[in-house]
*Asks:* 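After the structure tokens below, expect a handful of questions from me.
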Amino acid sequence: MKIRVSTFVPAATLVLLPSAAVAQEAPELTRWIDAVRDAEVDPAAAAAIRDVVLVRDAGEIRLDEGTLHLLPEVDGRRWAAYFSGSGSFRLTPPMEIEADQIERFWGTREIDRPFRSAVFVFTDETLAELTSGGLSAMPVPDDADNDLEEAARYVANGDGWLTREMLTALANDIDGYFYAHMAEDRGDPTIFAHDPLRHEEISVARRAEGRGRSREVVTSFQKAADLDTGGPPPEASDIVEISHMDIEVRVSGGLDYSGSATATIEPGSRGRWVAFGLHDELDVREVAWADGTPLTWYREDGSTGGLWVDLADRVDTGGRLRFAYDGDLLARPNDLWVTTEAFHYWYPLHEFGRFRTNRITYDLPEDFIVGSVGRQVSEEVTDDRRVSVWETEAVDRVSFNIGEFDTHEAEFPGAPPVVLHYSESAHREFRHLAQQAGVFLYTQGDMAQQVAFDILRSFSFYTQTFGLPVVDEFLATEIPYNHGEALPGVVLLSQSTFQYTDKSGYSIAFRGHEVAHQWWGIGVKPETLRDRWLSEGFSEYSGLWYAARSSGSLEMYTDQLAEKREAILERRGEAVPLGFGSRAATSEEPGDYQLMIYDKGAWVLHMLRGLLTDPSGDDSAFAELMQAYYAEHRGGTATTADFRRHAEIAAGRAYDMAGPMDLGWFFDQWVYGNEIPTYRWSWNAETAEDGTALVRMRIRQEDVPPDFRMVVPVLLDFGDAGQATVQVTVEGAETETLLPPLPMAPVDVVFNPNEAVLAETRREGWRN
């Protein structure tokens, strides 16, 4: 149950906001924005270019012959140049998975693309490399204006928006930034970047399909110096460290939203200009130090990530930075649930400031209940207002949900107490509106109890299976959308899951998925964007596992796996490997993120569990793997390599080896590869002289490389005498194997039973 103490927090502590503020003049920042958006060359600063080579890690830019014009200085700095002539860009990726991706987009495993023009933006040694022969006045090429305008459209727009990475580097003069827009044809650029603020510093992008002039990363990886060591953690590139946020929220009876936030900035920021995310429906009223000293700030039109603040002379000393804002963030269509424009950007969020503590004060109409990340430490109702205070430990994001909710509280052995917020009146009105529209909604009764039951049972199951969660209280709150979201100690569940529980198990698995994030994604965070499957794939599989245990139905489990298999097979050889993480979605196939990271990620765990299960069905080695992995990384971060290390230890024990078993082949195929095998199989049984049966199997493997291998179970059905399972290792184009002698001939043989391996299987007749 949520803690409630009698501390009174008067509403007067919340700031009464003045009328909308106007951003103070920010010439230091807007000069950079204008310079990029309205780029032009300096005719007096030019040079003839011949045989100049720019090498940036794995990328090589050759300027064979042409002219170079610098762009005008900004604040006394040369920052960009325009090249017109003949040149080429070459890159050999250091990782096979990235070579595969380049081949997928461009047909070759290395990049070698010519260009006739290039625009360079830099804070590194590029200027010296390009101008070593001196500068003079030269005619401006006829295409210069068009080429510069085209390049600018990929990083800036007419409203003042400029890509955050480039603006951060330029405004703060971050050493080592390099960006190159190279084009043979204006609509088909190659865009190379070396960005020291990114965990994977090296990237090559192209024009995204169907998105106007926007970039889509084709390949990215860490610079050579970091590849072996992993380099510094992602947070090491933060411009600023925020250790604490005090957030205040006020909502009127008409759902007018206003708020303030005070961020504690630690000393030692890497630059003056810091970007915060704030939803574009919110108007900024104030940005100042807590002592009232106003700050220079700038708001990019139409950009949720574009509230820029100048820390001025407190870069080294830090301080408490205060924001005030209001706007149309909340609504209540048809007087049903309260909807929000933003679950995350309702306060100024510096996305790369990790693991901060928070104190949040909510001042709401008395009839409204809030569900928030954190622990409620006080609540007071007075003058038709409900004021509550919540505190969080170190979390990177916080969110909340409000409404006129019913509250259901429940307990279950092995799980923390659960508080459930839902709206029965909204459900009734929703059904009424649907009936008026001629739509019948299938619903069930006692849904609050059913949802709470699944939350508690899954929590208990995961605690027993994986280990203790990082939270000791839990809140589930209903949202009027068709998705779920998990935050520390909180799940936001779609209103549809409160309507009914389907017989196929999807509802149960959905609830289990969101609860599982308290272990996968919150208890253990993926360290990089490539490791996203350690959160979503693990939670998807955990939801399936719980649904099967809860219902006692293996068929429910295998049916959902089979459905995912069919969807994955449709994208066989085309979707990127799940090891790409966030890059699994492309502009042409945005659904590949769900398909790979969630669905194939769940399949990989399912197959690993099968690999660690002995013929008797004992899968304790898999459970021990998940427990050991979780225990080591609980409360921290992990990579796919960390999980592989634990899997190899578990496999070594399962197969009675003296040490870990090498599973590099498994991870290469299923995490870093995208091939799915087709198995054509047949069997034949003969009776030996001693009466035993000899079963021979032949498996033809297709659609995968010659060295693709997998351990596949075989089910032997002896009718009334029972069943047995053996394992067969399949490798190469054809595998023929003789099973161990059997006491009798089987009635039937089933290759790859119960969706054991992600594959397409076809039974054939035996041919001698």
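In this text, all values refer to a predicted model and were calculated from it rather than measured experimentally. Just the heavy atoms: all of them, side chains too, but no hydrogens, waters or symmetry mates, feed the values below.
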*Asks:* With Phe368, which residues qualify under ring pair (Phe, Tyr, Trp, His ring centres under 6.0 Å), at least two apart?
*Replies:* none
*Asks:* If I compare all heavy atoms of Asp599 with all of Leu595, which pair ends up nearest, and what's the gap?
*Replies:*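 For Asp599 versus Leu595, the nearest heavy atoms are CB-O, 3.1 Å.
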*Asks:* Any idea which heavy atoms bring Phe343 and Ile479 closest together, and the distance?
*Replies:*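 In this case the closest contact between Phe343 and Ile479 is CZ-CG2, 3.8 Å.
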*Asks:* Who passes side chain to side chain contact (heavy atoms under 4.5 Å, CB included) against Ser535, sequence neighbours left out?
*Replies:* His517, Pro526
*Asks:* Given the rule in the ring-ring contact (aromatic ring centres under 6.0 Å, His included) test, do Tyr541 and Trp520 qualify, once you have shown the distances and angles that lead to the verdict?
*Replies:* CA-CA 11 Å; Tyr541 180 73; Trp520 316 123; over 10 Å; no
*Asks:* Sequence neighbours left out, what passes ring pair (Phe, Tyr, Trp, His ring centres under 6.0 Å) with Phe400? Give chain and number order.
*Replies:* Trp346, Tyr362
*Asks:* Would you please name every residue forming a side chain to side chain contact (heavy atoms under 4.5 Å, CB included) with Gln499, sequence neighbours left out?
*Replies:*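 Applying side chain to side chain contact (heavy atoms under 4.5 Å, CB included) to Gln499 gives His427, Arg431, Thr443, Gln495.
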*Asks:* Please list, chain by chain and in numerical order, all residues satisfying salt bridge (charged side-chain N to carboxylate O under 4.0 Å, His left out) with Asp472, sequence neighbours excluded.
*Replies:*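 By the salt bridge (charged side-chain N to carboxylate O under 4.0 Å, His left out) rule, Asp472 matches Arg375.
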*Asks:* Any idea which heavy atoms bring Thr262 and Arg322 closest together, and the distance?
*Replies:*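 Closest pair (atom of Thr262, atom of Arg322, distance): OG1-NH1, 3.9 Å.
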*Asks:* Tell me every residue that passes salt bridge (charged side-chain N to carboxylate O under 4.0 Å, His left out) with Glu404, counting only those two or more places apart in sequence or in another chain.
*Replies:* Arg332
*Asks:* Within the 3.5 Å criterion, strictly below it, is a donor on Tyr506 or Glu563 matched to an acceptor on the partner's side chain?
*Replies:*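 Side-chain D/A pair, Tyr506 to Glu563: present.
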*Asks:* Assess whether side chain to side chain donor-acceptor pair (under 3.5 Å) is satisfied between Glu266 and Ser243, documenting all intermediate values.
*Replies:* CA-CA 7 Å; Glu266 294 299 313; Ser243 60; 2.6 Å; yes
*Asks:* Scan residues 491-511 for pairs that pass salt bridge (Lys or Arg N to Asp or Glu O under 4.0 Å), counting only residues two or more places apart or in two chains.
*Replies:* Asp454-Arg511
*Asks:* Can you sort out the partners of Tyr557 under ring pair (Phe, Tyr, Trp, His ring centres under 6.0 Å), two or more places apart, ordered by chain and number?
*Replies:* His606
*Asks:* Considering all heavy atoms of both residues, which atom of Thr501 and which atom of Met447 are nearest to each other, and what is their separation?
*Replies:* OG1-CE, 3.6 Å
*Asks:* With heavy-atom distances below 4.5 Å as the criterion, would you say the side chains of Met626 and Arg609 are in contact?
*Replies:*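 With C-beta onward as the side chain, the pair stays apart.
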*Asks:* Can the ring centres of Phe459 and Trp519 be said to be less than 6.0 Å apart?
*Replies:* yes
*Asks:* List the residues meeting ring pair (Phe, Tyr, Trp, His ring centres under 6.0 Å) with Phe461, not counting sequence neighbours, and say none if there are none.
*Replies:*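 With neighbours one apart ignored, the set is Trp545.
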*Asks:* Is any side-chain heavy atom of Val524 closer than 4.5 Å to a side-chain heavy atom of Thr637?
*Replies:*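 When only atoms from C-beta onward are counted, Thr637 and Val524 do not touch, as no gap falls below 4.5 Å.
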*Asks:* Has Arg530 got a side-chain atom pairing as donor or acceptor with Thr640's backbone, closer than 3.5 angstrom?
*Replies:* no
*Asks:* Write down the atom of Ser504, the atom of Gln560, and the distance for their closest heavy-atom approach.
*Replies:*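 Scanning both residues completely, I find the closest heavy atoms to be O-NE2, 3.3 Å.
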*Asks:* Check side chain to side chain contact (heavy atoms under 4.5 Å, CB included) between His244 and all other residues, then give those that pass, not counting sequence neighbours.
*Replies:*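 In terms of side chain to side chain contact (heavy atoms under 4.5 Å, CB included), with neighbours along the sequence ignored, His244 is linked to Asp246, Thr264, Thr357, Arg359.
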*Asks:* Would you say Thr639 and Glu527 are linked by a side-chain donor-acceptor pair, where the criterion is simply a distance under 3.5 Å?
*Replies:*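 Side chains of Glu527 and Thr639: no pair found under 3.5 Å.
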*Asks:* Testing the 3.5 Å rule here: is there a donor-acceptor pair between the side chains of Ser460 and Gln464?
*Replies:* yes
*Asks:* Check Pro469 against Arg634 and note the closest heavy-atom contact, atom names and distance.
*Replies:* O-NH2, 2.6 Å
*Asks:* Answer yes or no: does atom CG of Asp559 have more than 12 heavy-atom neighbours from other residues, nucleotides or ligands under 6.0 Å?
*Replies:*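 Buried by this count: over 12 neighbours within 6.0 Å.
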*Asks:* Name all residues meeting the side chain to side chain contact (heavy atoms under 4.5 Å, CB included) criterion together with Thr407; count only those two or more places apart in sequence or in a different chain, and write none if there are none.
*Replies:*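 Ile369, Glu409, Val419, His421.
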*Asks:* Counting only heavy atoms not in Asp291, do more than 12 fall under 6.0 Å of its CG?
*Replies:*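 More than 12 within 6.0 Å, yes.
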*Asks:* Among Thr361, Val370, Val398, Asn358, exactly one meets side-chain contact (heavy atoms from CB on, under 4.5 Å) together with Trp390. Which residue is that?
*Replies:* Val370
*Asks:* Output a table of donor-acceptor pairs, distance under 3.5 Å, between side-chain atoms of residues 480-490 and any protein atom two or more places apart or on a different chain; print 'none' if there are none.
*Replies:*
unit_1, atom_1, unit_2, atom_2, d
Tyr481, OH, Thr340, N, 2.9
Tyr481, OH, Thr340, O, 3.2
Glu485, OE2, His344, NE2, 2.5

*Asks:* When you look at CD of Glu632, are more than 12 heavy atoms from neighbouring residues, nucleotides or ligands closer to it than 6.0 Å?
*Replies:* yes
